[in-house]
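Working notes, beginning with the structure itself.
Being a predicted model, the structure only gives us computed values, none of them experimental. We count ligands from 1, going down the list as the structure has it; atoms in each ligand are counted the same way. The chain is numbered in sequence order, starting from 1.
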Amino acid sequence: MPIMRSSQNVIEISEIPSSMQSSQAMEAPFFATVSSLVPWIVLEIEKLIENLDITTCLAIFGVVFVGALYLIHVIALCYGIFHLHKIYEPDATLPGVSIIKPIMGTDENLETNLTSFFTADYHQFELLFCFHSPQDDAVPVVKALIERYPDVDVTIFFQEHEIGFNPKINNMIPGYMAAKYPLIMISDSTIFTRPDGISDLAKRIMSEEKLGLITQIPYCMNRVGLANCFEQVFFGTSHAKIYLAGNFLGFNCPTGMSSIFKKAALDQCGGMVAFKDYMAEDYFFGKNLAARGYKSGISNQPALQNSAATTFTSFSNRVGRWAKLRIAMMPQVILVEPLQDCFPAGIIMALSVHYLFDITVPMLFVIHFFFWISMDYMIMRVMQNGPLTVSLIQFIGFWLLREFSSPVIFIKALMEPSVRWRNNIFHVKMCYDTLLTLDGTHIRGYLLTRLIGHGSFGAVYEAKCNSDTIAMKVAVEEEDLLVEAATLQKLYYSDISPKYHFTGRYGPYSIIGMELLGYDLESIRESTPWKSCQRPTLIRMAYQMVHCLQALHEKRLIHRDVKLSNFALSQPKTPGNQVSVKILDFGMSHEYSDAEGNLKEDPRGFVFKKMRYSSYDVCLGLDPAPKDDVIQVGYAILYAGGFDFHEKLKSPDNELMNWKRELIRAPGETLPLMLKFLTPFFEEVGELIDILPVNHDLLKQRIQQCLPEMNASSALTLTEEDGNPVLT
Ligand SMILES: CCCCCCCC/C=C\CCCCCCCC(=O)N[C@@H](CO)[C@H](O)/C=C/CCCCCCCCCCCCC
Ligand SMILES: O=c1ccn([C@@H]2O[C@H](COP(=O)(O)OP(=O)(O)O[C@H]3OC[C@@H](O)[C@H](O)[C@H]3O)[C@@H](O)[C@H]2O)c(=O)[nH]1
C-alpha cells in the first residue's frame, strides 16, 4: 500500500537539513557539502515513497541487491588484504598432522605436487595415501617417492568397501581410521603446498579452541596455458570474493580440496564415515561442526591447485558440478547465482538507478563495469600476493571470457541430469542431500525418527505415529515414487514386499508410507564372522529370493535393481522368531508387458548398461528381462555366501565381462571353490533365455539340489547374539 504524506511534511523535512547545513558549514566544508545533499536525498526518498508501486519496489530492490554485491567486493578485498599471506614462525608445540591424500589417477604434475608434501617443513606429520585400487596409475609415483624420501612417515591404503555415494570419502575412510595425530588435513592430489603450508593451517586451527575446520581458499599455481590462466582468473576473482566475504560473514562456504580439522571435533559428528553419502561432504563438514558449536574459517595461504590436466572442458565440467552441488544444497542460490555476475548485476543496477533517479543507463553501466573489474583485479592481486603472471590485457580477456561463459556453464549444469566426477557419473538431485537430514521432521502426522537407508531416488526413514511404526520413503521428484507406489500396490497381497500404506505429496517432498521391515540381507552378511552366510542359511535365503522374483514376474513386473541390500527380512514372528525374505526398492521396476504379452517401453530411459552389477547381456546393451533379475540374484547369492562381489566389480571392464559370461556358461569352473556347491542352480540360470518365461519352480528345485540334506523351503529364524543379528 502506498504511503501517503502531506506536502507540508515534505517541506518540514527538507528544511531541517538546510538548517543543519549552515551550522556544519562553519565547521568543515566537506561535511557541509555532504549535508547539503541530505535534503535532496530525503526529498527524493519522500517522492519515491509517495509514488511507491511495483516497479519502484523492484528498482529499490535492484539497487539494494547490487549495493550488497559492491559491499561483498569491498569486504573481500579488505579481508583478503588483512588476512591472507601472513607469515607464521615455525612452532614446534603444535600438534602432529595426519595428511590424507585421496588419489585417483595421475598427471604430469602429480609428482611435483606430492613431492611438496614429502619435503614440507613441519615437525610432526604423516602422509596417508588413499587409493581406490592397487592398479591406480599413481601408485608407482607414490612408491617411487617413498623410496626417495625414506625418512617420511608414509602409509598407503586401498579402499576396502564402497560404502557410500561419495567416492572421495569412500577412498579416504581407511586413511582416516588409521590417522594417529589429533589434526587431520585433507589435501587433494592436485594441490601443491609451500614448505610452511601445513604449519600455517595447524597454527590457524589451533589459534582458537572452538575452531573446528579451516579451509584454504582455492587458488592456482602460476602455470602457462590458456585454460590454466583462465582457471586462475576465475579462482582469483569471482570465486575468491564470495569465498572471502562469505567466510568473513560466517557463512558455511567451503571447498574441501585443502582443509584441516580437529579429529576429536569430527569424531563428535560421527567421524568421516558419517559423510559417506553427501556429495558435498565439505559443506556438511562445516554444517555438522557448526551444529556442535565449532567455527570454520580460512587459512592464511590459498590452496595452490596445480593440475596438469586443466582444459576449458574440464573446467566447465568441474565448475558446473560444483554449481549443481550448491543448487542441491541451497536451491535458493538458483535465483541469486546468475544475477551476481558483473553484467547481469550491471543491467539491474543501471536500469534501477535510471528508473529511480533518471540518470543515463550507459553511464551507470560503464561506472559499474569499471568498479567491478577494478575490484576483481585488486582481489586477484591480493590472492596472488603480488603482480599477476598475466598482463592487464590478458586479465581483461580472461575475465570477459569468464563473465560470458558463466551463465552458459550454470544453465548447462541446471539442465543436465547427471554430473561426472572422474570415472563416476552421479545423479545429483535438487535438495537430495537435504533428504538425508530429515530426522526429527514431522510428515503427515509421522515423526521421522531414523534414517534407515537411501538410494538414487530418495531416503527411507523409520517413522512413528503413536504406537504405529512404519517406513517412509521421501523423494523430491514425484515421478521417482510413482512407479514404486504402483508396484507396491500391485504386490500388496503377494506377501513378498513391504505392505503399501499411502503415498502423496507433502510440502516439497513426495512420500510413500509402507511396512517397516527388519534387517536387510547385506547387514546380515556383514554381521557374520567371516562375511559369509552358512550353507543351510544361504540355501534358504536363495530359495526365498527366487520366490520373491517369481511373485514379481508373475505380475509381469521386473525389478532391474536386484542386489543383496534390496532384500530384507520381515519382522520376526513369535513363537520361534521366524522371518521371511522380502524384496524392496522398486524405483527402477517396470511392467514389461501388457496382458496380451506385448512388450512395453519404459519412458524413463535408465542406462542399465552402465550399472556394473547388471547381467552380461544387459551390459552388452540389451534391455533387462526377467532372466536378468535372476542372474542378479545369482550375484547376490554369491555375495551372501562370502564371495567378494564388490571387489569383483572393481575389475577392469573386460575382466568383469568375461567373469559374468563364464559364470553362466561354465559355472562349475567359474564358481569359487567354497561356492561350487551352487553349481546346479547356476547351470539352470545359464539356460535362461529372454524369449522364454523363467521357470522359477525349476530354479527352486535346483537350489534344493545344491544342498539336498537341507529343506530349502523351510523357515529362517532370526536371533541376536551380542547385539548382532544371527540368521539360521
Ligand atoms: C545479496 C547478494 C548475495 C550474493 C549471494 C551469492 C550467491 C552465491 C553465488 C555464488 C556461489 C559461489 C560460492 C563459492 C563457494 C562455494 C564453492 C563450492 O561450490 N564448493 C562446493 C565444492 O567444493 C561445495 O561442495 C559446495 C558447498 C555448498 C556451498 C553453498 C554456499 C552457497 C553460497 C553462499 C555464500 C553466501 C555468501 C554471501 C556473502 C555475503
Ligand atoms: O572418484 C574419486 C574422485 C576424486 N577423488 C579424489 O578427490 C580429490 C578431488 O577430486 P577432483 O580434483 O577431481 O575434484 P574437485 O577439485 O572438483 O574436488 C573438490 O570439489 C568437490 C568437493 O566435494 C571435494 O572435496 C573437493 O576436493 C582428488 O584428490 C581425487 O583424487 C577420489 O579419490 N575418487
Please could you name the atoms of ligand 1 that [X] approaches to less than 4.0 Å, counting only its heavy atoms?
X	value
A68	1 (C)
L249	40 (C)
A280	25 (O)

Using a 4.0 Å heavy-atom threshold (strictly under), name the region of M104 that reaches ligand 2: side chain, backbone, both or neither. both

So for M279 against ligand 2, with non-hydrogen atoms under 4.0 Å, the contacting part is backbone

Lys/Arg cation over aromatic Y294: K262, 6.0 Å, 45° cone: no

Is it possible for you to check whether K263 lies under 6.0 Å from the centre of the six-membered ring of Y176, through NZ or CZ, and within 45° of that ring's axis? yes

Which heavy atom in Q301 sits nearest to a heavy atom in G197, and how many Å separate them? OE1-CA, 3.5 Å

I need the nearest protein heavy-atom contact for atom 23 (O) of ligand 1: residue, atom name and distance, please. D282 OD2, 2.5 Å

Please check atom 8 (C) of ligand 1 for a protein heavy-atom neighbour under 4.0 Å. no

Answer yes or no for atom 34 (C) of ligand 1: protein heavy atom present at a distance under 4.0 Å? no

Please work out, at 4.0 Å between heavy atoms, whether the side chain, the backbone, both, or neither of [X] comes within that distance of ligand 1.
X	result
T255	both
M257	neither
L69	side chain

Could you check M185 against L201 for side-chain contact (heavy atoms from CB on, under 4.5 Å), going step by step and ending with a plain yes or no? CA-CA 9 Å; M185 176 176 177; L201 278 164; 3.6 Å; yes

Parallel, tilted or perpendicular: ring planes of F261 versus F285, cut at 30 and 60 degrees: tilted

Ring-plane angle category for F129 and F131, please: parallel below 30°, perpendicular beyond 60°, tilted otherwise. parallel

Taking distance alone, with no angle check, do H132 and ligand 2 share an N/O pair under 3.5 Å? yes

Taking the side chain as everything from C-beta on, heavy atoms only, tell me whether P218 gets closer than 4.5 Å to Y243. yes

What distance do R402 atom CZ and F230 atom CZ have between them, rounded to the nearest 0.5 Å? 7.5 Å

Check if [X] has a non-hydrogen atom at a distance under 4.0 Å from any atom of ligand 2.
X	answer
W322	yes
T255	no
K101	no

To which of N170, I169, D188 does the heavy atom nearest atom 19 (C) of ligand 2 belong? D188

Below 3.5 Å, N or O to N or O, backbone or side chain included: is there any such pair between [X] and ligand 1?
X	result
P254	yes
E337	no
R326	yes

